[in-house]
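Here the structure is laid out as structure tokens; the discussion comes afterwards.
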Amino acid sequence: MRGSAVVAGGGIGGLAAAIGLRKAGWRVRVLERAPGFTAVGAGISLWPNALRALTELGVELGPLRTPQTSGGLLDEHGRWLTRWDAAVFERSLGSPMVGIHRARLLDLLLAALPDDCLEPGTTVGSAAELDADLVVAADGIHSRLRAELHPGHPEPVYSGTTAFRGVTTRTDDVQLGVTMGPGVELGVVPLAGGDVYWYAAVSAPEHTTVDDPKAYLLEKFAGWRSKVPELVARTEHVLHHDIHWLATPLPSYVRGNVALLGDAAHAMPPFLGQGGCQSIEDAVVLAAAAARYDDVDSVLAHYDRERRPRSQRIARNSARMGKFGQQLENPLAVRARNSLIRLLPAGLSVRGSIRMSDWTPPRIGAQSPTSPAS
Ligand SMILES: Cc1cc2nc3c(=O)[nH]c(=O)nc-3n(C[C@H](O)[C@H](O)[C@H](O)COP(=O)(O)OP(=O)(O)OC[C@H]3O[C@@H](n4cnc5c(N)ncnc54)[C@H](O)[C@@H]3O)c2cc1C
């Protein structure tokens, strides 16, 4: 055993970190404030960078791996703006993007951990109260530990977008598709087991209250040439959340013996579908450093140096993508954007996604101790 770690928060990032640290030979406890380890949310897209990171953790999606075979971007009249060819991703990265139910992803992560390291119903109040060589603060966007380690750092801000999400059963062969309208994005992502995940991202003032989300969406999108209204009508439970993000990047992801990880470190708007993927990347990089270096300072210095630039760049790009995409409201600007997308060669429209996903995880192996961080 190389040392002891306590992970505060048992979401995607915290559980992935626990798996990685155990693989690196550390003793790990995961403290989760909720009474159980459960996922709030519907589906999630995992890009090839996250799939590679999961493989390094020893977590395989198996039959839950639902590759998106094809799809594209449409306008609100149902006209194609561009089409995506999954084969391009396969050729470049070995895999296309995959849609999975969040609860299933959490189940897979939990299955890779022994029960005795999981402590639900335990709220962490302060990093100082935790007795461990290494503390991983994976307590989400409204992280208490981030506020403790970076007092006075600006809180997450409202992105301008409110999001509705749901999962229902597929009745036919639905394709991956994103429909763009003024101030609106409607998305459909097929999942394993005959399910489909849909979302509606809408520009709206913060705290917009919607008494009956289903009725609201069905009225708002009546007549749209998108699968989403039909899927909404068949969905039992519709989730509705305002989207916040950490617009002011942190000056460091580490302090003392604590590493901030996942949304606690870099909560981003979901326009690139990378927030969860980045938290899995964080976990693998931290674990690989924990396997490699003999002292916690070197582990943390390496982690911060490797993770901060990439995750903060992706967060910035995600916010920019929202401004050019879903949040664009002026009809003239929307028309100009759509014309531009139509003119782009299909390969060019996915080049950014391929570049973003082209990330190779470090190996988590017990190597000969190296110190200091290099
Ligand atoms: C609408 C929407 C769509 C998204 N779509 C995608 C997508 O398609 N692909 C993608 O990769 N990402 C997506 N994301 C982002 C993704 O959901 C997050 O980045 C990811 O869940 C972050 O994981 P985390 O473990 O860091 O935080 P969380 O999942 O928030 O987990 C934090 C955990 O810590 C616990 N906790 C909090 N405080 C304490 C405490 N004091 N003590 C103990 N435990 C505590 C919480 O209960 C929670 O379980 C989306 C986000 C939204 C909002």
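Both ligands and their constituent atoms are indexed starting at 1 by order of listing.
Checked by atom type, the side-chain pair Ser226/Glu76 shows no donor-acceptor distance below 3.5 Å. Side chains of Asn317 and Arg320: a donor-acceptor N/O pair is present below 3.5 angstrom, by distance only. Between the side chains of Glu206 and His244, a donor-acceptor pair is found at a separation under 3.5 Å. Trp198 and Thr235 share a donor-acceptor pair across their side chains, judged by distance under 3.5 Å alone. Residues Asp195 and Thr169 have side chains that never bring a donor and an acceptor to within less than 3.5 angstrom of each other. A donor-acceptor contact closer than 3.5 angstrom links the side chains of Gln326 and Thr161. Looking at Gln278 and Ser311, their side chains never bring a donor and an acceptor atom within 3.5 Å of each other.
Between Val284 and Pro362 the shortest side-chain heavy-atom distance falls below 4.5 Å.
Per-residue contacts place Gly275 under 4.0 angstrom from the following atoms of ligand 1 (heavy atoms of the residue considered): 10 (C), 11 (O), 12 (N), 15 (C), 19 (O). If you number the atoms of ligand 1 from 1 as listed, the ones under 4.0 Å from a heavy atom of Leu31 come out as 43 (C), 44 (N). For ligand 1, the atoms sitting less than 4.0 Å from at least one non-hydrogen atom of Ile243 are 1 (C), 53 (C), numbered in the order shown with element in parentheses. For ligand 1, the atoms lying closer than 4.0 Å to a non-hydrogen atom of Gly13 are 24 (P), 25 (O). Counting the atoms of ligand 1 from 1 in the order shown, those under 4.0 Å from a heavy atom of Thr123 are 41 (N), 42 (N). The atoms of ligand 1 that sit less than 4.0 Å from any heavy atom of Ala138 are 32 (C), 33 (C), 34 (O). Near Gly262, the atoms of ligand 1 lying under 4.0 angstrom from a non-hydrogen atom of the residue are 26 (O).
Contact between Ala5 and Leu21 at its shortest, heavy atoms only, is CB-CD1, 3.9 Å. Nearest heavy-atom pair, Thr208 versus Asp242, reported as atom, atom and distance to 0.1 Å: N-OD2, 4.4 Å. For the pair Ala112 and Ile19, the tightest heavy-atom approach, listed with the atom from each and the gap, is CB-CD1, 3.7 Å. Nearest approach of Leu261 to Ser279, heavy atoms of both residues: CD2-O, 4.0 Å.
Distances shorter than 4.0 angstrom occur between a heavy atom of Arg102 and an atom of ligand 1. The shortest separation from a heavy atom of His241 to ligand 1 is not under 4.0 Å, leaving the residue out of contact. The shell of residues lying under 4.0 angstrom from ligand 1, judged by heavy atoms, excludes Leu46.
What sits closest to atom 26 (O) of ligand 1 on the protein, heavy atoms only, is Asp263 N, 2.8 Å. From the protein, the heavy atom lying nearest to atom 34 (O) of ligand 1 is Gly9 CA, 3.2 Å. Nearest non-hydrogen protein atom to atom 46 (C) of ligand 1 is Glu32 OE2, 3.5 Å. Of the protein's non-hydrogen atoms, the one nearest atom 31 (O) of ligand 1 is Gly11 CA, 3.5 Å.
Counting only non-hydrogen atoms, the option in Thr162, Leu106, Val124, Asn49 that gets closest to atom 41 (N) of ligand 1 is Val124. Remark: among candidates Ala137, Ser159, Ser45, the nearest residue to atom 9 (N) of ligand 1 is Ser45, based on non-hydrogen atoms. Closest heavy-atom approach to atom 28 (P) of ligand 1 within the set Ser318, Gly140, Ala264: this belongs to Gly140. Nearest to atom 1 (C) of ligand 1 by heavy-atom distance, out of Met268, Arg165, Met97, is Arg165.
Backbone and side-chain nitrogen or oxygen atoms of Ala34 are examined, and none is located within less than 3.5 angstrom of a nitrogen or oxygen of ligand 1. The distance criterion of under 3.5 Å between nitrogen or oxygen atoms is not met by Ile141 with respect to ligand 1. In terms of polar-atom proximity, Arg33 is counted as a contact of ligand 1, with an N or O under 3.5 Å from an N or O of the ligand. The distance criterion of under 3.5 Å between nitrogen or oxygen atoms is not met by Ser279 with respect to ligand 1. Taking distance alone, with nitrogen or oxygen atoms compared against 3.5 Å, Ile12 approaches ligand 1 more closely than that limit. Inclusion of Gly276 in the set of residues having an N or O under 3.5 Å from an N or O of ligand 1 is warranted.
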Quiz item: Run the side-chain hydrogen bond (donor to acceptor under 3.5 Å, both in side chains) check on Glu236 and Thr168 step by step: do they pass?
Solution: CA-CA 8 Å; Glu236 212 170 302; Thr168 185; over 6 Å; no
Practice problem: Apply the test side-chain contact (heavy atoms from CB on, under 4.5 Å) to residues Ile364 and Leu57: give CA-CA distance (whole Å), side-chain angles for both, the deciding distance (0.1 Å), then the verdict. | Solution: CA-CA 8 Å; Ile364 307 170; Leu57 292 174; 3.9 Å; yes
Exercise. Begin from the C-alpha positions of Leu260 and His150 and carry the test side-chain contact (heavy atoms from CB on, under 4.5 Å) through to its verdict.
Key: CA-CA 11 Å; Leu260 287 154; His150 292 279; 3.8 Å; yes
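Residue contacts with ligand 1, taken as heavy atom pairs separated by less than 4.0 Å, involve Pro270 solely via side-chain atoms from C-beta onward.
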